[in-house]
There are 2 protein chains.
Amino acid sequence: MPREGQAVISILRDKIVSGEFPAGQRLAEIPTADLLGVSRTPVRIAFRALAQEGLLIKLPRRGYQVREVTTEEISGAVEVRGVLEGLAARQAAEKGLSQSTQAQLEQCLMQGDAIFNKGYITEDDLEQYNLLNKQFHALIIQASGNPAIQSAMQINEHLPFASVNALLFNPEQLDREFRRFSFANMQHHVVFEALVNRQGARAEAVMKEHAHATLSQVELNDNADSRKLINSAE
Amino acid sequence: MPREGQAVISILRDKIVSGEFPAGQRLAEIPTADLLGVSRTPVRIAFRALAQEGLLIKLPRRGYQVREVTTEEISGAVEVRGVLEGLAARQAAEKGLSQSTQAQLEQCLMQGDAIFNKGYITEDDLEQYNLLNKQFHALIIQASGNPAIQSAMQINEHLPFASVNALLFNPEQLDREFRRFSFANMQHHVVFEALVNRQGARAEAVMKEHAHATLSQVELNDNADSRKLINSAE
DNA sequence: ATATGGGTTATTGGATCCAATTTTCAGACA
DNA sequence: TGTCTGAAAATTGGATCCAATAACCCATAT
């Protein structure tokens, strides 16, 4: 049985978040199907799914359109991520960490320290840190034991630039980025400490603040061309 | 053009949340298509959509299954709703209410007061209050100007019993329910006051607490049979 | 008696066909 | 020249057809 359906969704999602399909672009079924070399059926399903994710908007009788994402929306989504991850941290603290989760979080922290203890960073370092960061956040959401948090974040996570999975950095100012991400790594330590000590409110507050650190408002106003996006595929 | 697609999703969603398709029930495409008198295509799309909403889970090669919703999941979803609506209230307070929004919120409060000033309630009252409640919450989310909040709540809102749109009450203890909902209405007043006075943190805290009030933990442990669900269709 | 293997069946996913509706363009009339 | 009307084209959505694959069952062999 052809099992391309999921692939079509991923390909189209990539083309959207990478900017290959620019914001505002209209997408019809037939040209898209031709482009991907599949029939209209999987494309139709993909369009619906991506519309539900919020990447496309449906124009009645005119197909779909790549959604415009404004900086207001991004900061709104970051704010949402903050409260959701804050909630996850609080619930994880209240519930207590399992042995295994605690060990895995410590592992993340140690590997992060190794990166920043050098005193400088390279692009490769950031790529590696991106994976660690992703894992750290995923572990805490897991540890909260609240599946609704993950569901609620799903939609947000697909918005380009708003996701934890997409670190945005400026390769021309690696020293500044070093300070930024090294600070983020220190915040991870604080969150971890709060989790271990069962300090729910503290964990929540730090995590909420941490959401802003990952994507600072300053970045939003920077020149987009000079930035680089590490978008780890799922 | 046949335009039943959206209807198929709604019908199936109804059958699931109403319990006509009990939790754990397996659903295959062909029997479902026969049942609804449509072809497999719209059913397939509906299954995918409902799976993304979290009402169905996909069993590889075995179709879909109506998802079991545990009380832990419900209270988890209520918690998520709390932080999201809390965020909405804070951002609405920080941003300030528009004239029109303030007027509409006042309208909701006045109509709510009219219901509870009688000193007792009927089932019809609760039905009416359900609409007011829904409108009140929707207005605040709107007023936050943060569309990501709405997106994030979307998934949660489809979980039965966790939604603002579904008030759950016990018609055999209308006096107790009177106290509960009259208290909820008073909380609305406090939220409104905080919003008008631009007290973001206060609005957030009260709203977060208010989420718990709508569906108290006590209710979860009650005998389900004696309760009645008002589920206003969207 | 049980386990394994082959064949049948159930079931999903993609491709194509068909119907319906809207949009758009062109021509005609005011 | 502008506007209105009608027809054609574009496009979506549903139905059906076909292929592929995994589950299931029975038979046979150890």
Side-chain angles (χ1 to χ4, degrees), chain A residues 1-16 20-68 154-155 158 233-234, chain B residues 1-16 20-68 154-155 158 233-234:
Chain A
M1 179 193 319
R3 179 65 66 163
E4 310 166 24
Q6 211 55 36
V8 169
I9 297 182
S10 297
I11 292 171
L12 288 178
R13 189 189 291 127
D14 265 4
K15 286 186 188 300
I16 293 167
E20 186 173 335
F21 290 160
Q25 165 136 4
R26 271 192 53 204
L27 292 177
E29 285 179 7
I30 296 176
T32 308
D34 289 346
L35 179 70
L36 300 184
V38 297
S39 84
R40 282 175 47 216
T41 309
V43 173
R44 203 149 86 206
I45 291 172
F47 279 179
R48 285 204 178 227
L50 295 174
Q52 195 170 6
E53 285 180 14
L55 264 70
L56 296 178
I57 53 182
K58 186 177 165 63
L59 309 175
R61 279 283 159 199
R62 305 302 309 274
Y64 291 79
Q65 187 178 29
V66 178
R67 181 160 142 242
E68 200 79 58
Q154 229 166 3
I155 290 182
H158 289 125
E234 60 251 57
Chain B
M1 180 195 317
R3 178 66 66 160
E4 309 165 23
Q6 211 53 37
V8 170
I9 298 183
S10 296
I11 291 170
L12 288 177
R13 188 189 291 127
D14 264 5
K15 285 185 189 300
I16 294 166
E20 186 174 334
F21 290 160
Q25 163 136 6
R26 269 195 52 204
L27 292 177
E29 286 181 5
I30 295 176
T32 308
D34 289 347
L35 179 71
L36 299 184
V38 296
S39 84
R40 282 176 46 217
T41 308
V43 173
R44 202 151 84 205
I45 292 171
F47 279 179
R48 284 200 177 230
L50 295 174
Q52 194 168 10
E53 286 180 13
L55 265 69
L56 295 178
I57 54 182
K58 185 177 168 65
L59 309 176
R61 278 285 157 197
R62 307 303 311 269
Y64 291 80
Q65 186 178 30
V66 177
R67 175 153 149 251
E68 201 78 57
Q154 219 171 309
I155 290 182
H158 290 124
E234 59 248 60

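Letters A, B, ... are given to chains in the order of the sequence lines, protein chains preceding strands, and every chain is numbered from 1.
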Under 3.5 Å, which donor-acceptor pairs do the side chains of residues 26-34 of chain B form with other protein atoms, sequence neighbours left out?
from	atom 1	to	atom 2	distance (Å)
B/R26	NE	B/R62	O	3.1
B/R26	NH2	B/R62	O	3.2
B/E29	OE1	B/R40	NE	2.9
B/E29	OE1	B/R40	NH2	2.9
B/T32	OG1	B/A28	O	2.6

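Here C/dG13 is the nucleotide among C/dT24, C/dG13, D/dG14 with the atom lying nearest to any side-chain atom of B/R40. The side chain of B/T41 has D/dT16 as its nearest neighbour among D/dG13, C/dT12, D/dT16. Considering only side-chain atoms of A/R26, the nucleotide from C/dT12, D/dT11, C/dT16 that sits closest is D/dT11. Distances from the side chain of A/S39 to the nucleotides C/dA15, D/dG14, D/dT12 place C/dA15 closest. In this structure, the nucleotide among C/dG13, C/dA15, D/dA15 sitting nearest to the side chain of B/E29 is C/dG13. For B/A28, whose side chain is taken as the heavy atoms from C-beta onward, the closest listed nucleotide among D/dT16, C/dT12, C/dA15 is C/dT12. Nearest nucleotide to the A/P42 side chain, out of C/dT11, C/dA15, D/dT16: C/dA15.
C/dA10 atom P lies 18 Å from atom CG of B/L27, rounded to whole Å. With rounding to whole Å, B/L36 atom CG is found 13 Å from D/dG14 atom P. Straight-line distance from the CG atom of B/L56 to the P atom of C/dT12: 12 Å, rounded to whole Å. Between the CG atom of B/D34 and the C1' atom of C/dT11 there is a distance of 13 Å, rounded to whole Å. Between the C1' atom of C/dG13 and the CD1 atom of B/I30 lies a distance of 12 Å, rounded to the nearest Å.
The nearest heavy atom of DNA chain D to A/L59 and to B/R44 marks one nucleotide each, and the one closer to the 5' end goes with A/L59.
Listed pair A/K58 / D/dT11 fails the phosphate criterion, with no side-chain N or O lying under 4.0 Å from OP1 or OP2. Contact check, B/R62 against D/dC24: a side-chain N or O comes under 4.0 Å of OP1 or OP2.
Atom CD1 of A/I16 and atom CD of A/E53 lie 8.5 Å apart (nearest 0.5 Å).
Nearest approach of A/V66 to A/P22, heavy atoms of both residues: CB-O, 3.5 Å.
Residues satisfying the side-chain hydrogen bond (donor to acceptor under 3.5 Å, both in side chains) criterion with B/E20, sequence neighbours excluded, are B/K15.
Shown are A/I9, A/L36, A/V8; of these, the side chain to side chain contact (heavy atoms under 4.5 Å, CB included) with A/P42 is made only by A/V8.
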